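Being a predicted model, the structure only gives us computed values, none of them experimental.
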Amino acid sequence: MKTPKEGDFITIQSYKHDGSLHRTWRETMVLKITENAIIGVNDHTLVTENDGRRWVTREPAIVYFHKKYWFNIIAMIREDGVSYYCNLASPYVLDAEALKYIDYDLDVKVFTDGEKKLLDVDEYENHKKKMNYSSDIDFILKENVKILVDWINNQKGPFSPSYVNIWYKRYLRLKNK
């Protein structure tokens, strides 16, 4: 399989622990790909839910996936600032079909004013029992919540003030080519 390059479009598929397809994003533009990470952008991207419902993303969002961390980060660019939606999820794999990962329900939302909120704890506990998440996975996810909160608090990586600016400008240049 040939590796996508800057400006190419890929599909993103999220799955649940039991292997069922959860959600699909069509046409995410790749902004950068390294050995361990992919940075992309969704802008009016078609999203299909597992029940067949479809919707289109409203604002541009810079997406960050990593092969070593158990989370991915979506920076949504809104008129009042940038808010973040972080999925606790398996590291991604990339094959000929799509970028794929397992979504583990827990999410961290960071509002434009910097307030953080851990979401879907009940859903996580429910799925942990129903889909038999191992104690190893439970431990890894809880440790990765700590890493993620550290990144947020210290404005690391996607949370640095210049990050969204840099990647959004790159997207606008590529889009207008």
Side-chain angles (χ1 to χ4, degrees), residues 1-43 45 47-48 50 57 60-76 82 84-110 116 118-120 124 127-128 131-160 162-168 170-171 174:
M1 179 207 129
K2 86 178 193 13
T3 304
K5 57 189 187 312
E6 181 184 284
D8 287 351
F9 287 90
I10 61 171
T11 296
I12 296 172
Q13 295 175 336
S14 76
Y15 291 82
K16 287 298 180 184
H17 184 78
D18 65 3
S20 61
L21 184 62
H22 173 54
R23 187 174 287 140
T24 303
W25 290 260
R26 288 264 319 262
E27 308 231 316
T28 297
M29 183 193 280
V30 174
L31 298 176
K32 183 175 178 71
I33 187 162
T34 66
E35 186 185 338
N36 287 317
I38 291 183
I39 299 169
V41 66
N42 286 326
D43 190 0
T45 300
V47 180
T48 305
N50 64 346
T57 60
I62 308 294
V63 295
Y64 174 88
F65 295 91
H66 203 280
K67 283 189 181 165
K68 294 201 182 350
Y69 295 109
W70 285 66
F71 52 77
N72 56 62
I73 301 165
I74 303 156
M76 294 165 291
V82 177
Y84 293 89
Y85 201 88
C86 312
N87 296 296
L88 273 293
S90 69
Y92 78 89
V93 294
L94 185 63
D95 65 20
E97 191 183 18
L99 180 153
K100 299 173 180 178
Y101 66 90
I102 298 169
D103 180 300
Y104 280 104
D105 320 306
L106 285 175
D107 302 302
V108 177
K109 171 108 180 165
V110 184
K116 294 180 291 294
L118 183 63
L119 306 173
D120 302 330
Y124 174 78
H127 282 160
K128 185 170 113 178
M131 296 184 209
N132 297 314
Y133 298 173
S134 69
S135 55
D136 287 351
I137 285 183
D138 187 56
F139 176 80
I140 289 167
L141 293 169
K142 287 175 176 158
E143 288 302 301
N144 275 266
V145 169
K146 294 177 194 166
I147 294 167
L148 186 57
V149 169
D150 178 67
W151 282 27
I152 295 164
N153 290 341
N154 293 295
Q155 299 186 325
K156 285 185 187 169
F159 303 101
S160 85
S162 60
Y163 172 93
V164 171
N165 202 8
I166 289 164
W167 294 112
Y168 187 60
R170 168 86 47 95
Y171 163 61
L174 288 169

Can you tell me if Arg26 has over 12 outside heavy atoms packed within less than 6.0 Å of its CZ? no
Step through the shown structure and confirm whether more than 12 heavy atoms of other residues, nucleotides or ligands are within 6.0 Å of NZ on Lys142. yes
Taking the side chain as everything from C-beta on, heavy atoms only, tell me whether [X] gets closer than 4.5 Å to [Y].
X: Phe65; Y: Leu99; answer: yes
X: Leu148; Y: Leu88; answer: yes
X: Phe71; Y: Ile147; answer: yes
X: Trp151; Y: Pro158; answer: yes
X: Arg23; Y: Thr48; answer: no
X: Leu118; Y: Val108; answer: yes
X: Thr34; Y: Ile39; answer: no
X: His22; Y: Tyr15; answer: no

Taking all non-hydrogen atoms of both residues into account, name the closest pair between [X] and [Y] and its distance.
X: Pro4; Y: Val30; result: CB-CG2, 4.1 Å
X: Tyr84; Y: Ala75; result: CE2-CB, 3.4 Å
X: Cys86; Y: Phe159; result: SG-CZ, 3.7 Å
X: Tyr101; Y: Pro91; result: CB-O, 4.3 Å
X: Tyr104; Y: Ser90; result: CD1-N, 4.0 Å
X: Ala37; Y: His66; result: CB-CD2, 3.9 Å

At what distance, to the nearest 0.5 angstrom, does [atom1] of [X] lie from [atom2] of [Y]?
X: Glu6; Y: Met29; atom1: CD; atom2: CE; answer: 9.0 Å
X: Lys2; Y: Asp8; atom1: NZ; atom2: CG; answer: 5.0 Å
X: Glu35; Y: Lys67; atom1: CD; atom2: NZ; answer: 7.0 Å
X: Thr3; Y: Ile10; atom1: OG1; atom2: CD1; answer: 11.0 Å
X: Ile102; Y: Ile137; atom1: CD1; atom2: CD1; answer: 7.0 Å
X: Met76; Y: Ile62; atom1: CE; atom2: CD1; answer: 12.0 Å

Does the [X] side chain pair with the main chain of [Y], one donor and one acceptor, at a distance under 3.5 Å?
X: Asp95; Y: Glu97; answer: yes
X: Thr45; Y: Asp43; answer: yes
X: Asn153; Y: Asp150; answer: no

Please test Asn42 against Ile74 for side chain to side chain contact (heavy atoms under 4.5 Å, CB included), starting from the C-alpha separation and ending with a verdict. CA-CA 9 Å; Asn42 286 326; Ile74 303 156; 5.9 Å; no
Does the side chain of [X] come under 3.5 Å of the side chain of [Y] through a donor N or O and an acceptor N or O?
X: Tyr124; Y: Asp107; result: no
X: Ser20; Y: Asp18; result: yes
X: Asn144; Y: Tyr69; result: no

When the ring centroid of Tyr64 is compared with that of Trp167, is the distance short of 6.0 Å? no
Centres of the Tyr133 and His127 rings: under 6.0 Å? no
Exactly one candidate in Thr28, Val41, Val47 meets side chain to side chain contact (heavy atoms under 4.5 Å, CB included) with Thr57; the answer is Val47
